[in-house]
Novice: 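Handing you a structure now.
Every heavy atom of this structure was used, including side-chain atoms; hydrogens, water molecules and symmetry mates were not.
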Amino acid sequence: MNRSPLPRLLLPVSLLALGAMACTADGEITGDPLPDLVGDLCDADEPDQERPDGWAEASHCKGAEANYDLLFSDDTVHRIDITLSADNYAATMDDLEEIYGGSTGGPGGPGGPGGPPGSFTDQEPIWVPVTVELDGVTWWQVGMRYKGNSSLSSSYQSGGRKLPFRLGFDKYEDDSPALLNQRFWGFKKMTFSSAYKDSSLIREKTAGDIFRDAGVPVARSSFVRIYVDSGDGPVYFGLYTMVEDPSDELLEVQFDDDSGNLYKPDGDGATLASFDEASMIKKTNEDEADFSDVQALISALNANASDAATWRAGLEAVFDVSGYLTMLATSQAMVNWDAYGWMTHNYYLYGDPSDDGRLVWLPWDLNEAMLVGNGPGANADSVMLDEIGSGWPLIRNLLDDTQYRATYRAELEAALLGAFEQDALQERMTAYHELIAPYVSGADGEAAPYTNLSNTSAFDSSLTGSGGLFDHIADRHAAVGSALGL
């Protein structure tokens, strides 16, 4: 959804807390003072630029190569420490209470009266400044805010405090010029998924791996331990999946030209049945009122298809149909219900200038992939998607076309033999499960209220137990094979 932050004068912070905060002239919450300004300069800095002690080119500077190998390793669980003042932490909790109506209890204990669990809102949680540390390197006055729809509202309202969030590393550069263009090993922003509804805690990362193996552009991710100190020492907030923001380095790394329009559709227009500018939320080129690429897609998609060859040519001129059918087949092979066809969000569109501006589909928000029974309809695990109606024209119109339907069938079979191949996927899942196990259960594991698990046995049995991920993979292979007559 396109959300707007609350005006600062309306922040739901008690007068007592507000009086204790350090604030700028306009009342904005500020972070701790910076260390001595004796750090290294960036290559592009002016001679009079000052940097905090500990600042370095590779770890902090804009233009430094994004360090994917460090941050997104498949065999490392980094520890990230986040420090913020007690007042700022209290402000974030007051803000969530204002938005969601209080906490109803649950693993975090009793709370306020609460609202309907999982209720959505257009109101975006507030940003607060925090200090971030990874492997002995520090980043200062980083913007932090909670994010998500049901993953945030339901967790908060049930009393849980393992909440999804995002970090913006240059959020407060206007207040602190010494932090101009601060980066996190080459990244401007980062998101953190809380494994909501995922007893295995590996769905987000594994689903991303599956898409990537199929050749689908998708965000990279890794497992991280999050510790938060709001004044009483570090508290383990749980095992998260750190996911890169698609509007950051992804476009430069996965495309030949990163200057195109990136959209994160959300709302009624995200069905692509008709153009709605408010639903086409720009994540790049935000100041340019040019939506011609996505308008051309919607026009071509919904054009009269009396001549199938002409219709296909018109659509393929503005949209990477082949890539979309690969993504759709991979998605339905594994099941990813929280996506187009059921929900009007959770995807990006990128107009790739190096491909004549054709729009490319990027899946997003994968924590409920490979999870059956949680979708809004009984057809979320459909293979051929014949149950999807005309309100979702990108699925319906493509799969009603004989040629595209044949391509989709071929991509389903390719998924079974490749990206969703059973033995290799089970091996990968086992490795991830063993990697994160010490940080999920046991002495160093998650504990209420900083967990989404009902009990640790749910994690222990999430792969091989009845109804676990291994059973799911086998069931999907059987379902796809049956639908294809294999």
Novice: What's the verdict on side-chain contact (heavy atoms from CB on, under 4.5 Å) for Thr407 and Ser322, showing C-alpha distance, side-chain angles and the deciding distance?
Specialist: CA-CA 8 Å; Thr407 301; Ser322 176; 5.6 Å; no
Novice: Go through it in stages, so that I can follow the logic: the residues are His433 and Phe459, the test is ring pair (Phe, Tyr, Trp, His ring centres under 6.0 Å), and I'd like the CA-CA distance, side-chain angles, deciding distance and then a yes or no.
Specialist: CA-CA 9 Å; His433 190 274; Phe459 169 76; 4.2 Å; yes
Novice: Would you confirm whether Asn285, through its side chain, and Gly260, through its main-chain N or O, come within 3.5 Å as a donor-acceptor pair?
Specialist: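 Yes, Asn285 side chain to Gly260 backbone: donor-acceptor pair under 3.5 Å.
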Novice: If you look at every heavy atom in Pro217 and Pro363, which pair is closest and at what distance?
Specialist: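 The answer is O-CD, 3.5 Å.
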Novice: Between OG of Ser151 and CG of Asp338, what distance do you get to the nearest 0.5 Å?
Specialist: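 With rounding to 0.5 Å, OG (Ser151) is 9.0 Å from CG (Asp338).
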Novice: Using the rule given for side-chain contact (heavy atoms from CB on, under 4.5 Å), can you reason through Tyr340 versus Trp392, listing the C-alpha separation, both sets of side-chain angles and the distance that settles it, and then say yes or no?
Specialist: CA-CA 8 Å; Tyr340 182 90; Trp392 302 95; 3.6 Å; yes
Novice: Going by heavy atoms in the side chains, are Ile99 and Pro125 under 4.5 Å from each other?
Specialist: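 Result yes, sub-4.5 Å side-chain heavy-atom pair found.
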Novice: Flag the pair Val480 / Phe420 as yes when at least one side-chain heavy-atom distance between them is below 4.5 Å, and no otherwise.
Specialist: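 With C-beta onward as the side chain, the pair stays apart.
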Novice: Can you find a pair of side-chain heavy atoms, one from Leu463 and one from Ile202, that are under 4.5 Å apart?
Specialist: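 Yes, their side chains come closer than 4.5 Å.
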Novice: Would you compute the distance between atom CG of Leu201 and atom CD1 of Ile436 and round it to the nearest 0.5 angstrom?
Specialist: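 Going from the CG atom of Leu201 to the CD1 atom of Ile436 covers 5.0 Å.
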Novice: Picking from Arg166, Arg220, Lys188, what satisfies salt bridge (charged side-chain N to carboxylate O under 4.0 Å, His left out) with Asp245?
Specialist: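 It is Arg166; the other options fail the test.
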Novice: Using every non-hydrogen atom in the two residues, find where Ser259 and Tyr350 come nearest and quote the distance to one decimal.
Specialist: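 Nearest pair, atom of Ser259 first, then Tyr350: N-OH, 3.3 Å.
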Novice: Backbone N or O of Ser73 within a donor-acceptor pair of the Ser222 side chain at under 3.5 Å?
Specialist: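 The answer is no, because no donor-acceptor pair under 3.5 Å joins these two groups.
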Novice: Have Asn379 and Trp342 got a donor and an acceptor in their side chains that come within less than 3.5 Å?
Specialist: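 Yes, side-chain donor-acceptor contact under 3.5 Å.
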Novice: Is any side-chain heavy atom of Ser59 less than 4.5 Å from a side-chain heavy atom of Trp139?
Specialist: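 SC-SC contact between Ser59 and Trp139 confirmed.
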Novice: Got more than 12 heavy atoms from elsewhere within 6.0 Å of CG, Asp256?
Specialist: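 Not buried by this count: 12 neighbours or fewer within 6.0 Å.
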Novice: List the steps, then state whether side-chain contact (heavy atoms from CB on, under 4.5 Å) holds for Phe237 with Ile82.
Specialist: CA-CA 10 Å; Phe237 269 43; Ile82 297 173; over 6 Å; no
Novice: Measure the NZ-CG distance between Lys283 and Asn261 for me, rounded to the nearest 0.5 Å.
Specialist: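 With rounding to 0.5 Å, NZ (Lys283) is 13.5 Å from CG (Asn261).
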Novice: Say whether, by atom type as modelled, one donor and one acceptor occur between the side chain of Glu57 and the main chain of Asp43 under 3.5 angstrom.
Specialist: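 The answer is yes, because a donor-acceptor pair under 3.5 Å joins these two groups.
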Novice: Please answer whether the main-chain N or O of Met327 pairs with a side-chain N or O of Glu411 as donor and acceptor at a distance below 3.5 Å.
Specialist: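 Not a single qualifying donor-acceptor pair exists.
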Novice: Tell me whether the count of non-hydrogen atoms from other residues, nucleotides or ligands lying under 6.0 Å of CD in Glu65 goes above 12.
Specialist: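 No, because the 6.0 Å sphere around CD of Glu65 holds 12 heavy atoms or fewer from other groups.
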Novice: Ignoring hydrogens and geometry, is there a side-chain-to-backbone donor-acceptor pair from Trp311 to Ala300 under 3.5 Å?
Specialist: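 Looks like yes, one N/O pair under 3.5 Å.
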Novice: Taking atom NZ as the centre, does Lys189 end up with more than 12 heavy-atom neighbours from other residues, nucleotides or ligands that are less than 6.0 angstrom away?
Specialist: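 Correct, the count exceeds 12.
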Novice: Just by distance, do the side chain of His345 and the backbone of Ala270 share a donor-acceptor pair under 3.5 Å?
Specialist: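 Pair absent, no side-chain N/O of His345 close to backbone of Ala270.
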Novice: Could you measure the distance from the CG atom of Leu394 to the CD1 atom of Ile298? Nearest 0.5 Å is fine.
Specialist: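 Result: 10.0 Å between the selected atoms.
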Novice: Can you check side-chain contact (heavy atoms from CB on, under 4.5 Å) on Trp140 and Ser176, steps first, answer last?
Specialist: CA-CA 10 Å; Trp140 305 270; Ser176 299; over 6 Å; no
Novice: Would you call the rings of Phe192 and Phe165 parallel, tilted or perpendicular, where under 30° means parallel and over 60° means perpendicular?
Specialist: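 Phe192 and Phe165: parallel rings.
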Novice: Which distance, rounded to the nearest 0.5 Å, do you find between the CZ of Phe291 and the CG of Leu297?
Specialist: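 Between atom CZ of Phe291 and atom CG of Leu297 there are 14.0 Å.
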Novice: State, to 0.1 Å, how close Leu301 and Leu272 come at their nearest heavy-atom pair, and which atoms those are.
Specialist: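 So the minimum-distance heavy-atom pair works out to CD2-O, 3.9 Å.
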Novice: Go through it in stages, so that I can follow the logic: the residues are Tyr236 and Tyr439, the test is ring pair (Phe, Tyr, Trp, His ring centres under 6.0 Å), and I'd like the CA-CA distance, side-chain angles, deciding distance and then a yes or no.
Specialist: CA-CA 10 Å; Tyr236 184 42; Tyr439 314 114; 7.6 Å; no
Novice: Tell me if the centroids of the rings in Tyr240 and Tyr450 come within less than 6.0 Å of each other.
Specialist: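 Ring centres of Tyr450 and Tyr240 not closer than 6.0 Å.
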Novice: Please find the pair of heavy atoms, one from Asp209 and one from Arg428, that lie closest to each other, and give the distance.
Specialist: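 Looking at all heavy atoms of both residues, the shortest contact is CB-NH1, 3.2 Å.
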Novice: Check whether His78 reaches the backbone of Leu70 with its side chain - one donor and one acceptor, N or O, closer than 3.5 Å.
Specialist: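 Indeed, once roles are kept as given, a pair shorter than 3.5 Å links the two residues.
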Novice: Quick one: which of Asn88, Leu96, Asp95 gives a side-chain contact (heavy atoms from CB on, under 4.5 Å) with Ile126?
Specialist: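 Among the candidates, only Asp95 passes.
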Novice: Side-chain contact test, heavy atoms from C-beta onward, threshold under 4.5 Å: evaluate it for Arg358 versus Asp352 and give yes or no.
Specialist: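 Not touching, per the 4.5 Å side-chain cut-off.
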Novice: May I ask you to decide if Asn181's main-chain N or O and Glu173's side chain share a donor-acceptor pair within less than 3.5 Å?
Specialist: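 Present.
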Novice: Is there a donor-acceptor pair closer than 3.5 Å between any side-chain N or O of Asp198 and the backbone N or O of Ala195?
Specialist: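 Here the side-chain-to-backbone pair does not exist.
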Novice: Is any side-chain heavy atom of Glu244 closer than 4.5 Å to a side-chain heavy atom of Leu71?
Specialist: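 Side chain of Glu244 against side chain of Leu71, heavy atoms only: no contact under 4.5 Å found.
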Novice: Any idea which heavy atoms bring Tyr156 and Leu163 closest together, and the distance?
Specialist: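 Heavy-atom minimum between the residues: N-CD2, 3.8 Å.
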Novice: Do Tyr348 and Lys264 have side chains that approach each other closer than 4.5 Å (heavy atoms only, starting at C-beta)?
Specialist: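 Yes, at least one pair of side-chain atoms sits under 4.5 Å.
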Novice: Return yes if some donor-acceptor pair links the side-chain N/O of Lys197 with the main-chain N/O of Glu368 below 3.5 Å, else return no.
Specialist: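 No, because the side chain of Lys197 does not come within donor-acceptor range (under 3.5 Å) of the backbone of Glu368.
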Novice: Between Lys205 and Asp74, is there a salt bridge with N-O shorter than 4.0 Å?
Specialist: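 Yes, Asp74 and Lys205 are salt-bridged.
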Novice: Can you check side chain to side chain donor-acceptor pair (under 3.5 Å) on Glu204 and Ser221, steps first, answer last?
Specialist: CA-CA 8 Å; Glu204 180 94 40; Ser221 61; over 6 Å; no
Novice: Side-chain contact, heavy-atom cut-off 4.5 Å: Trp361 with Asp320?
Specialist: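 Side-chain contact under 4.5 Å: no.
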Novice: Take atom CD of Glu427 as the centre, draw a 6.0 Å sphere, and report whether it contains more than 12 heavy atoms from other residues, nucleotides or ligands.
Specialist: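 At most 12 heavy atoms, drawn from other residues, nucleotides or ligands, come within 6.0 Å of this atom.
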Novice: Glu446 and Thr451: side-chain donor and acceptor closer than 3.5 Å?
Specialist: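 Their side chains do contain a donor-acceptor pair, which is all the 3.5 Å distance test asks for.
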Novice: To the nearest 0.5 Å, what is the distance between CD on Glu288 and NZ on Lys282?
Specialist: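 Answer rounded to 0.5 Å: 5.5 Å.
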Novice: Is atom CG of Asp400 surrounded by more than 12 heavy atoms (other residues, nucleotides or ligands) closer than 6.0 Å?
Specialist: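 More than 12 within 6.0 Å, yes.
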Novice: I'd like to know if Asp170 pairs up with Arg183 as an ion pair, taking the criterion as any Lys NZ or Arg NE/NH1/NH2 lying under 4.0 Å from an Asp or Glu carboxylate oxygen.
Specialist: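 Yes.
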